[in-house]
Student: 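Can you read through this structure? Questions will come right after.
Every chain is numbered from 1, with letters handed out A, B, ... down the list of sequences.
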Amino acid sequence: MAELPKNYDPKSVESRLYKRWEDAGYFHEDPDPSRPPFIICMPPPNVTARAHLGHGSTYTPMDVLTRYHRMLGENADWLPGTDHAAIATEAVLVRELAAKGESRESLGREKYLEVAWKWSAQTGGAIFEQFRQLGFGPDWQRARFTMDEQLSSAVRKVFVALYRDGLIYRGKRLVNWDPKAHTTVSDAEVDHEDRDGTLWRIRYPLTTLDEFPAVFPAIAALPGIEVATTRPETMLGDTAIAVHPDDKRYHDLIGKFVLVPPLLQRKISIIADESVDPEFGTGAVKVTPAHDATDYEIGQRHKLPMPSVLDLNARITGAEIAVGRYEGMTREEGRKAIIAALRAQGLLLEEKPYRYAIAISERTGEVIEPLLSLQWFVNMKPLAEPALQAYRDGRVRFVPERYGRTFEQWLENIRDWNISRQIWWGHQLPVWYAPDGSLVVAETEEEARKLGGDQLTRDPDTLDTWFSSGLWPFSVLGWPEKTPELAHWYPSQVLLTGWEIIFLWVARMVMLGLRFTGQVPFKDVFVAPLIFDAKGRKMSKSLGNAIDPLTMIEQYGADAFRMGMLRQLRLESQEVRFNEKRCEEARNFNNKIWNALRYILALSETLPPAMQLPSPEKLTLADKWILTRLHRTAADVSAALDRYDFGIAADAIWSFVWYEFCDWYLEATKDLGARETRVAVLSFVLNHAMRLLHPIEPFISEEVWLTLPHDGDTIVTASWPDLAEIPVDAQSASIFEALRKKVEQIRNLRAELSLPPRERLTVKVPSNVPPDAASLLATLAAADVVAVPPQGGSISEGIAAAEAQAPTTILRARYKKEEARLRSEIERSGRKLADERFVANAKPEVVAKEREKLAVYQRELERIVNMLAQIGDVG
RNA sequence: GGGCGAUUAGCUCAGCUGGUAGAGCGCUUGCUUUACACGCAAGAUGUCGGCGGUUCGAGCCCGUCAUCGCCCACCA
């Protein structure tokens, strides 16, 4: 074998191994009823997306779990896909078209969609390429796209079924209009942001007139009612002034009329409504039902007219009510002009700075305009009820648990879901209109014609992206066809996701899954923490603090990035302050593994042909210790992965490899007594360790595993370490631990003596310590051993009693210090045991443990006092 | 306005069902020890946010306050 380079070089390994894995089809699985199913449906990234750290924190765990379950022998598949991302994609397309002087409309729908398909086919693959670099191993052959024909037909089927069941309806409701994306968005896609604004106090003059003169000469002098508002531009559409029914200030005014400024061509009445807070502002509120959610509700309660004054471009429109010269102005222009007019009329009484929550479109950042519009909705309550049941009886479980309560509360207060979007890229509504205005809902145009004749026009709207992603866990498996995939893999065991899409996505999958398959689509929902920068700020392009995972890979390798990321995940935390240093450390860790491999390969003995342990009686103390530790580590890693505790799993394998295997076991094999067994045990342990590491660091584990004795062609499909095959010897392990402590003590003494490395100390070892242990002690502590009479009962105590020779002044100081420490421990422990309440109330095993500790301290103290006496306790 | 989370060594964080406070980084000292300086060895560092309670015993349980963060919500 050619000599390995001193440093591990991920670049020369990763792409080569990945290609081999993918070409060999190791990630592909067909449903196999003879093995337990395991599947993760990849949350489909947007076709527009590029890999970012969020993918590192949520998708890496998916890869880890899939690889782990595959190694456990399960029929494990990670099913990838992409989302057509209606609004996001359309925004990009429209921008690109505009750059070429074109628009949606100039192309026409058909041509536009052609362009869109081409674009998505070209860009859609980009993130998958990045996933390959990250070492992710989904079943690429099964990749799906939310607009694939089969998935689209599932969408139509669900729409029609919900419509026929009365759960989808069309109605004129107040919706969230995004004037930039030129579409409605659902409540879940609206953010609230505190912004600085202005609160204006405006007087609406009282009137008894029925007809209005063109000019009111002394309008400012008229008595009126004062209201506070942040949105004066909507006053053109006011249809009432509301006060609280118990507000004495306004009792006499209820039922009276006021003029609507600044046009003063219309009068509206003063009404009483419980929703008004008398404490806020003036205690009177203007009611604009078409442009505010609260006002809309008031409007419904009082059967007020609901004229819209803002159109789909958020410009003032006179289509439904007179708006005078404000027609055509933008929201901002209208506001300015109206304020100016009010000021001129003397009706603007006050303007003061005011900070308040404003609705923002999550997707475009545009200020949402509440509009009254004819749209399609899903009636959510009947869908939410079964989902709540499923959560409450434990059919769906959240990790961490607390997110479940959030889920529950959202479902309890669920509101109807606006699903129609005024964009073209997406699933067009399976809805047609006949010339007489009646509508037909059908899965295909053919069927629609059968029901509604030949003169149909299709509704131009498309569905909310989340409508199709809500079907993802079963549509990707072939639903509504009864495929073997669906039969075997549905429902899945776990969904891994970020917490920001629990409502947008997770809740809807649960509801739709229950509705259409009768089962919750996944049993566990693992919620990954959000990733922040080192200062706790959100990572964003504009802040310039975003870390690109591909840069991390470039610098440290994909394995190191994965390990660095996973080690920062903690089960209960809701955020991770990503620390790049962790990736660097992980690179160093990989180098450590690499050099352990080099050490093994450089030993004079040749590697055994197969992975096999020497017979038990041949194993050395160190062998038995490291095997015992390996056993423990395998159990810990498995347990951590089983509970989705990726950080602990990563830490467990990390500290085993570095701090136990490399720091101690590998050093122990340098003792002459280890010659006979060391190659076999070293390769056995490292082979196992690489399998434990493989889900986390797929590349280096494969590279090392292939170099050592192994069974099979690839670690990808190798079996997970079987605890039954790793022998445990607790007694030998504890002797080794005693030896380790003694070695540390002696090294400490060496440092204190400033002993040059080559100079050896002499250590007096009681003869009840077996020669192999004594020899190991000598090797690890760089000391010479001389035998002295037996001491202490057990081997461990004999080891503890071993003493290095050193100048008496130094020894005396050390013994004194040790004596003081022991006396204080004995004092503490003795006091505790003397306390009757402790002995009476504490658990018996705790008391017994305390007694045992006290006894050990006392024996040790006795020995130290003895030593002091021997060397002459002069102080 | 409701709900949730965090507060432990200079920094980032572990601490299982309460039983003598841990890791890594950083820092100090010494090392070309025949795998690794992306390394090895040794060392220093804490009124576990404040107060009160439960308990024989609290970083851990309960209450309360403070600070920071997140989510939900129609206060114009």
Student: Report, one pair per line, the protein and nucleotides 2-8 of chain B atoms (nitrogen or oxygen only) whose separation is under 3.5 Å.
Tutor:
none

Student: Just by distance, with hydrogens left out, do A/T294 and A/E297 show a side-chain donor and acceptor under 3.5 Å apart?
Tutor: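 Side-chain D/A pair, A/T294 to A/E297: absent.
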Student: Atom CG of A/L833 to atom C1' of B/G19: distance rounded to whole Å?
Tutor: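 Rounded to whole Å, this separation is 12 Å.
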Student: Mind checking the P distance from B/U28 to B/G22? Whole angstroms is fine.
Tutor: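 Per the computed distance, 24 Å lies between those P atoms.
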Student: Which part of the nucleic acid, if any, lies within contact of A/K6, taking any heavy atom under 4.0 Å across all strands shown: a base, the sugar-phosphate backbone alone, or nothing?
Tutor: sugar-phosphate
Student: For A/H302 and A/D273, which I'm curious about, is there any donor-acceptor pair between the side chains at under 3.5 Å?
Tutor: yes
Student: Assess whether salt bridge (Lys or Arg N to Asp or Glu O under 4.0 Å) is satisfied between A/D636 and A/R632, documenting all intermediate values.
Tutor: CA-CA 6 Å; A/D636 288 350; A/R632 178 79 254 155; 3.1 Å; yes
Student: Can you measure A/N413 atom CG to B/C72 atom P for me and round it to whole angstrom units?
Tutor: 13 Å
Student: With P as the reference atom in both, quote the distance from B/U7 to B/C16 in angstrom, rounded to an integer.
Tutor: 12 Å
Student: Can you check the A/E825 CD to B/G19 P distance for me, whole Å?
Tutor: 16 Å
Student: Counting side-chain heavy atoms from CB outward, which of B/G26, B/G39, B/C36 is closest to A/W658?
Tutor: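 Of the candidates, B/G39 comes closest.
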Student: Over all strands shown, is A/R587 touching base, sugar-phosphate only, or nothing at heavy-atom distances under 4.0 angstrom?
Tutor: base
Student: Is the shortest side-chain N to carboxylate O distance from A/D835 to A/R837 below 4.0 Å?
Tutor: yes
Student: With rounding to whole Å, what would you report as the distance between B/G49 and B/A21 at their P atoms?
Tutor: 15 Å
Student: Salt bridge check, A/R821 against A/E818: does any charged N sit closer than 4.0 Å to a carboxylate O?
Tutor: yes
Student: Using whole Å, report how far CD1 of A/I648 lies from C1' of B/G22.
Tutor: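 Taking CD1 of A/I648 and C1' of B/G22, I get 12 Å after rounding.
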Student: Please measure how far the C1' atom in B/U55 lies from the corresponding atom in B/C65, and state the result in whole Å.
Tutor: 23 Å
Student: Before we go on, tell me: are the rings of A/F646 and A/F526 under 6.0 Å apart, centre to centre?
Tutor: yes
Student: Is the distance from OP1 or OP2 of B/U20 to the nearest side-chain N or O of A/K853 less than 4.0 Å?
Tutor: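 Yes, such a contact exists.
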Student: Angle class for the A/F398/A/F407 ring planes (parallel below 30°, perpendicular above 60°, tilted otherwise)?
Tutor: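 If you compare the ring of A/F398 with that of A/F407, the planes turn out tilted.
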Student: Going by an N to O cut-off under 4.0 Å, is there a salt bridge joining A/R577 and A/E575?
Tutor: yes
Student: Under a 4.0 Å N-O cut-off, is there an ion pair linking A/E850 with A/R828?
Tutor: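 A/R828 and A/E850: salt-bridged.
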Student: Ignoring hydrogens and angles, state whether a donor on the side chain of A/D187 or A/N176 is under 3.5 Å from an acceptor on the partner side chain.
Tutor: yes
Student: Using the P atom in both, what is the distance from B/G39 to B/U33, to the nearest Å?
Tutor: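 Looking at atom P only, B/G39 and B/U33 are 16 Å apart.
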Student: Where does RNA chain B pair, written as one dot-bracket string 5' to 3', with Watson-Crick or G-U pairs under 3.5 Å, ( ) inside the strand, [ ] for crossing pairs and | for another strand?
Tutor: (((((((..((((.....[..)))).(((((.......))))).....(((((..]....))))))))))))....
Student: Charged N to carboxylate O under 4.0 angstrom, A/E351 versus A/R201?
Tutor: no
Student: Does any donor atom in the side chain of A/Y296 or A/T288 lie under 3.5 Å from an acceptor atom in the other side chain?
Tutor: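 Distance-only check fails for A/Y296 and A/T288.
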Student: Nearest whole Å is fine: how far is B/G24 C1' from A/N588 CG?
Tutor: 12 Å
Student: Please report, rounded to the nearest Å, how far the P atom of B/C72 is from the CD1 atom of A/I414.
Tutor: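 From A/I414 CD1 to B/C72 P: 14 Å.
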Student: Establish, from distance only, whether the side-chain atoms of A/D671 and A/S775 form a donor-acceptor pair under 3.5 Å.
Tutor: yes
Student: For the pair A/K853 and A/E825, find out whether any cationic side-chain nitrogen is under 4.0 Å from an anionic carboxylate oxygen.
Tutor: no
Student: Can you tell me which nucleotide in B/U12, B/C36, B/C70 comes closest to the side chain of A/N591?
Tutor: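 When the side chain of A/N591 is considered, B/C36 is the closest of B/U12, B/C36, B/C70.
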Student: How many angstroms lie between CD in A/E350 and CD1 in A/I202, if you round to the nearest 0.5 Å?
Tutor: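 Those atoms lie 11.0 Å apart.
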Student: Please list residues of residues 841-852 of chain A whose heavy atoms come under 4.0 Å from any atom in RNA chain B, ordered by number; otherwise none.
Tutor: A/N841, A/A842, A/K843, A/V846
Student: Starting at atom CD of A/E584, determine the distance to atom P of B/C38, rounded to an integer number of angstrom.
Tutor: 9 Å
Student: If you compare every side-chain N and O of A/N595 against the phosphate oxygens of B/C38 (OP1, OP2), does one of them come in below 4.0 Å?
Tutor: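 It does not, given that no N or O in the side chain of A/N595 lies less than 4.0 Å from OP1 or OP2 of B/C38.
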Student: Between residues 554-568 of chain A and RNA chain B, which residues have a heavy-atom gap below 4.0 Å?
Tutor: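 Result for residues 554-568 of chain A: none.
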Student: Could you walk me through whether A/E585 and A/M563 pass the side chain to side chain contact (heavy atoms under 4.5 Å, CB included) check?
Tutor: CA-CA 9 Å; A/E585 288 161 28; A/M563 176 62 100; over 6 Å; no
Student: B/G57 and B/A9: how far apart are their P atoms, nearest whole angstrom?
Tutor: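 Between the two P atoms, the distance is 26 Å.
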Student: Quote, to the nearest angstrom, the C1' distance that separates B/C13 from B/U8.
Tutor: 9 Å
Student: Does the cation-pi check pass for A/R508 over A/W417, that is, NZ or CZ under 6.0 Å from the six-membered ring centre and within 45° of its axis?
Tutor: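 Yes, A/R508 and A/W417 form such a contact.
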Student: Give a yes-or-no answer on whether the side chains of A/Y556 and A/N590 include a donor-acceptor pair shorter than 3.5 Å.
Tutor: no
Student: Categorize A/W654 for me: base, sugar-phosphate, or nothing, with a 4.0 angstrom heavy-atom threshold over every strand shown.
Tutor: nothing
Student: Quick one: which of B/C71, B/A42, B/A14 gets closest to the side chain of A/R747?
Tutor: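 The closest nucleotide is B/A42.
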Student: Using atom names, set out every protein N or O paired with an N or O of nucleotides 74-76 of chain B below 3.5 Å, distance rounded to 0.1 Å.
Tutor:
{"from": "B/C74", "atom 1": "O2'", "to": "A/T294", "atom 2": "OG1", "distance (Å)": "2.8"}
{"from": "B/C74", "atom 1": "O2", "to": "A/T294", "atom 2": "OG1", "distance (Å)": "3.2"}
{"from": "B/C75", "atom 1": "O2", "to": "A/D277", "atom 2": "OD2", "distance (Å)": "2.7"}
{"from": "B/C75", "atom 1": "N3", "to": "A/D277", "atom 2": "OD2", "distance (Å)": "2.8"}
{"from": "B/A76", "atom 1": "OP2", "to": "A/Y354", "atom 2": "OH", "distance (Å)": "2.7"}
{"from": "B/A76", "atom 1": "O2'", "to": "A/A228", "atom 2": "O", "distance (Å)": "3.1"}
{"from": "B/A76", "atom 1": "N6", "to": "A/D277", "atom 2": "O", "distance (Å)": "2.7"}
{"from": "B/A76", "atom 1": "N6", "to": "A/F280", "atom 2": "O", "distance (Å)": "2.8"}
{"from": "B/A76", "atom 1": "N1", "to": "A/D277", "atom 2": "N", "distance (Å)": "3.2"}

Student: Measure the acute angle between the ring planes of A/Y356 and A/Y354, then classify it against the limits of 30° and 60° as parallel, tilted or perpendicular.
Tutor: parallel
Student: Should the pair A/W410 and A/F503 be assigned to parallel (<30°), tilted (30 to 60°) or perpendicular (>60°) ring geometry?
Tutor: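 Parallel, since the angle between the ring planes stays under 30°.
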Student: What's A/W594 touching, base or sugar-phosphate or nothing? Going by heavy atoms closer than 4.0 Å.
Tutor: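 No contact at all - A/W594 keeps every heavy atom at 4.0 Å or more from the nucleic acid.
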Student: Decide yes or no for A/L371 and A/L174: does some side-chain heavy atom of the first lie under 4.5 Å from some side-chain heavy atom of the second?
Tutor: no
Student: Check RNA chain B against residues 659-669 of chain A and give the residues with a non-hydrogen atom under 4.0 Å, in numerical order.
Tutor: A/Y659, A/C662, A/D663, A/L666, A/E667
Student: Between A/Y599 and A/N579, which has a closest nucleotide on RNA chain B that is more 5'?
Tutor: A/N579
Student: Could you work out the separation of B/U67 and B/G50 based on their P atoms and round it to a whole Å?
Tutor: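 These two P atoms come out 15 Å apart once rounded.
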Student: I'd like to know if A/R598 reaches the base of B/C36 with its side chain, counting only an N/O donor and acceptor under 3.5 Å.
Tutor: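 Check fails, no donor-acceptor contact within cut-off.
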Student: Can you measure A/Y403 atom OH to B/C72 atom P for me and round it to whole angstrom units?
Tutor: 12 Å
